[in-house]
Student: 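Quick one: structure below, then a few questions.
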Amino acid sequence: MNEKYQKPYDATTVESDIYTMWEKSGYFNPDNLPENATGERAENYSIIMPPPNANGRLHAGHGTDMTLKDIMVRYHRMAGKKALFLPGADHAGFETQGVFEKKLQKEGRSRFGMDRDDLYQEIYDFVMENKHAMESDLKQLGISCDWSRNTFTLQPDVVSRVQDTFIKMHEDGLVYRGKRSIHWNPKFQTSLSDIETKFEQRKDPFYYFQYGPFVIGTARPETKFADKYIVVHPDDKRYAQYKHMQEFEVEWINGKIKATLIKDEVADMEMGSGAMTITPWHSQVDFELAEKYDLPMEQIIDWDGKLLPIAGEFAGTKIHIARPQIVEKLQEKGLVVEIDHDYEHAVRLCERTGVVVEPQIKDQWYVKMGPLAEMTLKSLDNGDYRFITKQHEKIFRHWMENPIDWNISRQIVWGIQIPAWFKGGDITVSKESPGEGWTRDPDTFDTWFSSGQWPLMTLGYPDSKDMEYYPTSVMETGADLVFKWVPRMIMFGLYLRKEVPFKDIYFHGMVLDARGVKMSKSKGNVMSPIDLAQNFGTDATRMAFVVANPPGADMSLSEDKVRAYKKFANKLWNITRFILSNTEDFDYAAYDKNLLTKTEAELIEKSQELKAQIGSDIENYRIHLASEKVYHYVWDTLASSILEACKDDLSGDDDTAKARKQYLLLALLRDSLVMLHPFMPFITEEIWKDFPLADKNLLIVHPWQ
RNA sequence: GGGCGACUAGCUCAGUUGGUUAGAGCGUUUGGUCGACAUCCAAAAGGUCACAAGUUCGAAUCUUGUGUCGCCCACCA
């Protein structure tokens, strides 16, 4: 018996060597799989890794995410499939730029005023460093992905093909340039899509102002300088005496103005006085109303969040400073009717940075979502793809049934530049300059525009041989991506390839701490999968991620749980020690298994049955059950029951009885190693190295059956 | 305002299609072992499976309602 079994199992000393061994074997690349695994009838099995953002290390969510997929891939590889797990990294446009700008800020610098190419290069270097760290994290977790196919969203061929998609969509009328109301982040100087923003309940003063014969309510007095239209509901009896489009003279902030009444159903009779004035440039609702009645639109707040000259004496003042001053002035003019200090409303913030978003009007590129959403729903109805976590299907459908055109322009450099050119009022869409006098659109694509094409781009769409792996087998990702990522991949897949990029969609929940609380840096309850792996072993960490973690639900993670599986790893190690030390004089290959008693033969059969069951559980996404079953089998059945029952014969004088038990235990241990491998790849491979029943090949490609 | 989910042992959670005494990890108590076990083994205490009604031979599991908590969506001036 190898001396290593004299000591308890020490994960840290074996793990990195084993990973290197796997990499050297080339088996992560399905092209290299041995004959027995890729015979003529071998099918493809493929998973595209949701590319982690290349701006930081892996967190516990990634750990769960990657482990679940790795279990699926490892199982299918052993089951004889050509299994591909394709890794990559996402440049994560705005998010990365935000992270990078914080870094600049710490250094007392700012991106504004920096040369575009210099800035890009600096972020690129910063990202590459993080990307390498992230990749070493994946290796630490034992993720068996094919590094030879590693892809980054900003590598030249991906950039070029993503731009091609835009050009094609432009030709097909699916993208357009429009001057519409956008979500503007004044601090980071870029527009955002709807899903990049969030709401926060806030308590702000709500003001009632006298506006001619009306009392209007607003929480934003600073936008009201140019309000020349007042809106009431057509059925509002309080205003029945006034006519639609009737004009009034109104004494307002900076003197007399002419105002016009509009009767439209958007006005809420229940809200305040039922009358409101509109500011199309700085409100989405008002913008839509202005478009409907073809009203003029005027900018009041500039791109930095300061008031423009239209605000008169307040010009150049930041809005939060100007607000009380404006109210004071209105008070002096006797126009303040009432102030409600208990008013609660939802304020729209930038999801990433928490900056209050200012609606602005700006020319941007939009994807027309209607036809794409329709395609996507039709395909779902056809059963082309399915949700393993049914609860997400409803959410998904609801979102798809109400598509909002997608703003894909971002005013940042960190991304794929939009292939569009301007000259005067003309626009040309192409990768090359159309000629003299044209200037390139400086904007880049929303990051989801490229990651939405990820399955296609990584597999070399349109014409690479790797497209044989398309569509992929399953998309397993976090539930927070149910809108952001998954629908876009389906839409692009259907649009470009006429086929959804995956058959099954499986969402895992959030990883919470030991008390069921969401992990966050500010709470200090963040658990790093890398730290866990280094302290307790990767195998133990992987088990803790998946046991009792059913599809679609949040899970809570504790060190105690990881520790329990560290003990399990050691238990397996000792089972091996015991069996090997008791079978050193035994020749397994030469033994006639017909000599086994019926009971003994049945034990082997049962273990085979369990193996088949574990396989079927993995295929059907019951990994939370599969992992628990194999755990209990090894501990309670193999160790506590069978092994204990064998002890007498092993130390007894009856040589034939002893031989039977030796055969039995070796056979059962082999099955256990196979069954455990997808979950606990390191320790099982380590044991396999000098296991008497191992074939010449690595356990990673040992046939499941 | 709409939707989704959860409510099972002290804590964190499993429980695939309804089927015998409801499970795990951690924690607690008792005893044993330390010649496979940086430990392990045996055993114990602890649950009216949120509440109510219904379907059924039978419900933690299906239906309806109530309560509590959490999450998501939404153009609340």
Side-chain angles (χ1 to χ4, degrees), chain A residues 1 5-10 181 194-195 198-199 201 206-207 216-220 223-224 227 230-231 266-268 270-279 282-289 343-348 359 389-399 402 404 479-480 482-483 509-510 512-518 543-544 547-582 613 616-617 620-622 624-628 631-632 635-636 639-640 643-644 647 650-651 665:
Chain A
M1 185 180 63
Y5 294 108
Q6 298 306 334
K7 288 182 192 160
Y9 177 61
D10 180 10
S181 183
D194 297 78
I195 55 165
K198 61 177 179 185
F199 287 98
Q201 283 300 124
F206 190 79
Y207 306 94
I216 58 158
T218 183
R220 302 203 55 194
T223 64
K224 295 290 161 198
D227 286 9
I230 179 150
V231 186
V266 296
D268 182 356
E270 308 291 313
M271 181 81 193
S273 62
M276 64 175 181
T277 60
I278 58 165
T279 316
H282 299 291
S283 155
Q284 221 168 340
V285 195
D286 297 1
F287 172 81
E288 278 161 27
L289 202 65
Y343 176 68
E344 270 190 45
H345 63 149
V347 178
R348 198 189 275 265
T389 48
K390 289 289 170 207
Q391 67 268 36
H392 292 108
E393 181 174 337
K394 291 181 190 171
I395 301 174
F396 178 86
R397 275 183 185 279
H398 183 260
W399 195 74
N402 303 285
I404 298 168
D480 53 324
V482 64
F483 304 128
M510 233 181 323
L512 311 172
D513 77 359
R515 290 175 323 182
V517 179
K518 191 175 168 175
M543 283 296 275
V547 174
N549 177 18
D554 291 347
M555 72 159 308
S556 75
L557 183 67
S558 64
E559 274 199 12
D560 276 343
K561 189 174 178 187
V562 185
R563 195 174 287 115
Y565 294 106
K566 183 190 174 180
K567 284 186 187 172
F568 177 58
N570 197 52
K571 184 78 181 177
L572 177 65
W573 194 247
N574 279 293
I575 291 168
T576 306
R577 180 210 291 203
F578 179 82
I579 292 178
L580 293 187
S581 68
N582 278 287
Q613 216 180 88
S616 140
D617 279 340
N620 292 295
Y621 307 106
R622 294 191 292 260
H624 62 303
L625 296 180
S627 50
E628 203 170 357
Y631 168 84
H632 282 114
W635 199 308
D636 300 338
S640 298
L643 195 144
E644 290 297 329
K647 279 183 174 172
L650 288 174
S651 57
L665 289 177

Student: Less than 4.0 angstrom between a side-chain N/O of A:Trp399 and OP1 or OP2 of B:C72, yes or no?
Tutor: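 So the side-chain polar atoms of A:Trp399 never come under 4.0 Å of the phosphate oxygens OP1 or OP2 of B:C72.
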Student: For the side chain of A:Phe578, counting heavy atoms from C-beta on, which of B:A42, B:A36, B:C76 is nearest?
Tutor: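 The answer is B:A36, which lies nearest to the side chain.
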Student: Could you work out which one of B:C75, B:C40, B:A36 sits closest to the side chain of A:Arg577?
Tutor: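 Nucleotide nearest to A:Arg577's side chain: B:A36.
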Student: Is it the case that the side chain of A:Ser283 and the backbone of A:Thr279 share a donor-acceptor pair, with hydrogens and angles ignored and the cut-off at 3.5 Å?
Tutor: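 Side chain of A:Ser283 to backbone of A:Thr279: no pair is present.
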Student: Would you classify A:Asn574 as touching base, sugar-phosphate or nothing, given that sugar-phosphate means primed atoms plus P, OP1 and OP2, and contacts are heavy atoms under 4.0 Å?
Tutor: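 Touches a base.
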Student: Hey, does A:Ala479 reach any base, or is it just sugar-phosphate, or nothing, if we go heavy atoms under 4.0 Å?
Tutor: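 Touches nothing.
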Student: Determine the contact category for A:Ala544: base if any of its heavy atoms lies under 4.0 Å from a base atom, sugar-phosphate if only primed atoms, P, OP1 or OP2 are that close, otherwise nothing.
Tutor: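 Counting heavy atoms under 4.0 Å across all strands, no contact is made by A:Ala544.
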Student: Could you pull out all residues at least two apart from A:His345 that satisfy ring pair (Phe, Tyr, Trp, His ring centres under 6.0 Å)?
Tutor: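 With sequence neighbours excluded, A:His345 shows a ring pair (Phe, Tyr, Trp, His ring centres under 6.0 Å) to A:Tyr343, given in chain and number order.
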Student: Would you say the side chain of A:Glu644 and the base of B:A36 hold a donor-acceptor pair, judged only by whether the two atoms sit under 3.5 Å apart?
Tutor: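 Yes, the side chain and the base share a sub-3.5 Å donor-acceptor pair.
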Student: Do the side-chain N or O atoms of A:Arg563 get closer than 4.0 angstrom to the phosphate oxygens (OP1, OP2) of B:C26?
Tutor: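 For A:Arg563, the contact criterion (side-chain N or O under 4.0 Å from OP1 or OP2 of B:C26) is not met.
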Student: What's A:Lys567 touching, base or sugar-phosphate or nothing? Going by heavy atoms closer than 4.0 Å.
Tutor: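 The answer is sugar-phosphate, as A:Lys567 gets under 4.0 Å only of primed atoms, P, OP1 or OP2.
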Student: Got more than 12 heavy atoms from elsewhere within 6.0 Å of NE2, A:His398?
Tutor: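 Counting neighbours around NE2 of A:His398, 12 or fewer heavy atoms of other residues, nucleotides or ligands fall under 6.0 Å, so no.
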Student: Can you name the ring pair (Phe, Tyr, Trp, His ring centres under 6.0 Å) partners of A:Tyr565, sequence neighbours left out?
Tutor: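 Expected list: A:Tyr631.
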Student: Taking any heavy-atom pair under 4.0 Å as a contact, classify A:Gly274: base, sugar-phosphate, or nothing.
Tutor: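 Since a base atom lies under 4.0 Å of A:Gly274, the category is base.
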Student: Quick test: give all pairs of protein nitrogen or oxygen and nucleotides 13-17 of chain B nitrogen or oxygen below 3.5 Å, distance rounded to 0.1 Å.
Tutor:
residue, atom, partner, partner atom, Å
B:G15, OP1, A:His624, NE2, 2.8
B:U16, O2, A:Arg622, NE, 2.6
B:U16, O2, A:Arg622, NH1, 3.3
B:U16, O2, A:Arg622, NH2, 3.4

Student: Going by purine N1 to pyrimidine N3 plus the second Watson-Crick contact, or the G-U wobble pair, all under 3.5 Å, which nucleotide sits opposite B:G25?
Tutor: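 With both distances under 3.5 Å, B:G25 matches B:C11.
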Student: Of the nucleotides B:C26, B:A36, B:C41, which one has an atom closest to the side chain of A:Ile575?
Tutor: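 Nearest to the side-chain atoms of A:Ile575, counting from C-beta on, is B:A36.
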Student: Distances under 3.5 Å only, N/O to N/O: pair up the protein atoms with those of nucleotides 3-5 of chain B.
Tutor:
none

Student: Under the rule for ring pair (Phe, Tyr, Trp, His ring centres under 6.0 Å), what residues qualify as partners of A:His624, not counting sequence neighbours?
Tutor: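 Per chain and number, A:His624 pairs via ring pair (Phe, Tyr, Trp, His ring centres under 6.0 Å) with no residue.
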Student: Does B:A50 have a Watson-Crick or wobble mate here (both distances under 3.5 Å), and if so which one?
Tutor: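 The base-pairing partner of B:A50, which may sit in any strand shown, is B:U66.
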Student: So which nucleotide does B:C71 pair with, by the Watson-Crick or G-U wobble rule with both distances under 3.5 Å?
Tutor: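 B:G3 - that is the nucleotide pairing with B:C71, both distances being under 3.5 Å.
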Student: Considering Watson-Crick and G-U wobble pairs with both distances under 3.5 Å, what does B:C34 pair with?
Tutor: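 Base-paired to nothing in any strand shown.
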Student: Taking only residues two or more places apart in sequence or in another chain, which ones pass salt bridge (Lys or Arg N to Asp or Glu O under 4.0 Å) with A:Asp513?
Tutor: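 Expected list: none.
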Student: Hunt down the Watson-Crick or G-U wobble partner of B:G19, both distances under 3.5 Å, from any strand shown, or write none.
Tutor: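 Paired with B:G19, as far as the under-3.5 Å criterion goes, is B:C57.
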